[in-house]
Amino acid sequence: MSVSVNGGCLCGALRYTSTPYNEKAANYCHCRLCQKANGAPVVVFTWVPKENFKFAKGKPQRYATSDKGERLFCGTCGTQVGFETKGPVVGVTVPTLDNPEDFAPQQHIFVSSKQPWFKDNDGLPHLKEGPDSESI
Ligand SMILES: [Zn+2]
Ligand SMILES: [Zn+2]
């Protein structure tokens, strides 16, 4: 079954699309940069091939939060819709998808920065850092 990766920001100025991705992999990211960029204790990302990801409406503002890549967000409403890495993938923030329910997170990453009051005893794997040990 193919899964669509379509979504947009809160105000509707930005709409993005990616070709269907067969892997619904998603993760919770607890890193401080995600916390600050989203004003939230944790952010859920799914990853799509950069070559397939495009904006169908509007152009995002960009902000490099590290040398790993840039946050993509709406200049009007501020919603972060993605994180464009310098590698071959774009992280899409799952709550901005049209069908976020299809992308249940499978692990927690950067739990070394997790807020102590955030309870996540959900039985999922917890990585102290990210897959490559560096905060994005
Ligand atoms: Zn917007
Ligand atoms: Zn993060």
Side-chain angles (χ1 to χ4, degrees):
M1 189 187 78
S2 69
V3 178
S4 64
V5 182
N6 298 302
C9 67
L10 179 61
C11 77
L14 282 184
R15 289 288 303 168
Y16 59 79
T17 184
S18 183
T19 54
Y21 198 61
N22 288 327
E23 205 180 329
K24 299 185 201 173
N27 56 254
Y28 289 102
C29 187
H30 295 269
C31 86
R32 282 295 289 151
L33 298 175
C34 283
Q35 290 175 9
K36 294 286 267 186
N38 293 273
V42 66
V43 182
V44 180
F45 285 103
T46 189
W47 302 89
V48 300
K50 190 188 276 186
E51 65 199 25
N52 296 340
F53 181 80
K54 37 183 90 61
F55 281 91
K57 185 183 173 199
K59 274 209 161 45
Q61 296 290 304
R62 292 168 173 271
Y63 181 72
T65 44
S66 73
D67 61 6
K68 295 279 181 190
E70 297 177 319
R71 307 274 165 178
L72 308 176
F73 60 96
C74 176
T76 301
C77 71
T79 303
Q80 183 191 191
V81 297
F83 178 77
E84 186 172 322
T85 69
K86 289 185 175 166
V89 295
V90 173
V92 173
T93 49
V94 166
T96 67
L97 289 168
D98 293 339
N99 56 335
E101 65 278 7
D102 289 340
F103 292 81
Q106 293 150 345
Q107 64 179 358
H108 294 264
I109 64 172
F110 291 107
V111 294
S112 57
S113 303
K114 187 175 80 65
Q115 294 304 318
W117 39 258
F118 187 87
K119 302 303 177 203
D120 59 342
N121 302 323
D122 52 17
L124 295 174
H126 284 59
L127 276 65
K128 198 160 189 253
E129 304 294 332
D132 63 359
S133 298
E134 279 187 70
S135 181
I136 60 171

Between Cys29 and Phe110, the two heavy atoms sitting closest are SG-CD1, 3.6 Å
Contact check, side chains of Tyr16 and Leu72, non-hydrogen atoms, under 4.5 Å: no
Judged by atom type as modelled, is there a donor-acceptor pair below 3.5 Å linking the side chain of Lys50 to the main-chain atoms of Glu84? no
Measure the acute angle between the ring planes of His108 and His126, then classify it against the limits of 30° and 60° as parallel, tilted or perpendicular. parallel
Can you measure from OG (Ser18) to CD (Glu51) and round to the nearest 0.5 angstrom? 9.0 Å
Can any side-chain N or O of Thr79 pair as donor or acceptor with the backbone N or O of Leu10 at less than 3.5 Å? yes
Worked verdict on Tyr63 versus Phe73 for ring pair (Phe, Tyr, Trp, His ring centres under 6.0 Å): CA-CA 8 Å; Tyr63 181 72; Phe73 60 96; 7.3 Å; no
Between Phe55 and Pro60, what is the shortest heavy-atom contact and its length? CE1-CG, 3.5 Å
Student check: side-chain heavy atoms of Lys68 and Phe83 closer than 4.5 Å: yes
Where the side chain of Thr85 meets the backbone of Gly87, is there a donor-acceptor pair that is under 3.5 Å apart? yes
Report yes or no: do Arg32 and Ser113 form a side-chain donor-acceptor pair below 3.5 Å? no
Looking only at heavy atoms, what is the nearest atom pair of Pro95 and Pro100, with distance? CA-CB, 4.3 Å
What's the separation between atom OG1 in Thr46 and atom CG in Leu97, rounded to the nearest 0.5 Å? 7.5 Å
How far apart are the C-alpha atoms of Phe53 and Val89, what are their side-chain angles, what is the distance that settles it, and do they pass the side chain to side chain contact (heavy atoms under 4.5 Å, CB included) test? CA-CA 9 Å; Phe53 181 80; Val89 295; over 6 Å; no
Indicate yes or no: at least one non-hydrogen side-chain atom of Leu33 is less than 4.5 angstrom from one of Ser66. yes
Which value, rounded to the nearest 0.5 Å, describes the distance between Lys54 atom NZ and Thr19 atom OG1? 7.0 Å
Does a sphere of radius 6.0 Å around CG in Leu124 hold more than 12 heavy atoms from other residues, nucleotides or ligands, not counting ones at 6.0 Å or beyond? yes
NZ/Lys86 to CD/Glu70 distance, rounded to the nearest 0.5 angstrom? 7.5 Å
In Å and rounded to the nearest 0.5 Å, what is the OG1 to CZ distance from Thr96 to Arg15? 9.0 Å
Checking Ser112 side chain against Lys128 main chain: does a donor-acceptor pair fall under 3.5 Å? yes
Nearest heavy-atom neighbours spanning Cys11 and Cys77: N-SG, 3.5 Å
One should read off an interatomic distance between His30 NE2 and Lys114 NZ, to the nearest 0.5 angstrom, of 6.5 Å
Atom pairs and distances, side-chain donor-acceptor, residues 36-44, under 3.5 Å, sequence neighbours left out:
| unit_1 | atom_1 | unit_2 | atom_2 | d |
| --- | --- | --- | --- | --- |
| Asn38 | OD1 | Gln80 | NE2 | 2.9 |
| Asn38 | ND2 | Cys34 | O | 2.9 |

Kindly say whether Phe45 contributes a backbone atom to a donor-acceptor pair with the side chain of Thr93 at under 3.5 angstrom? no
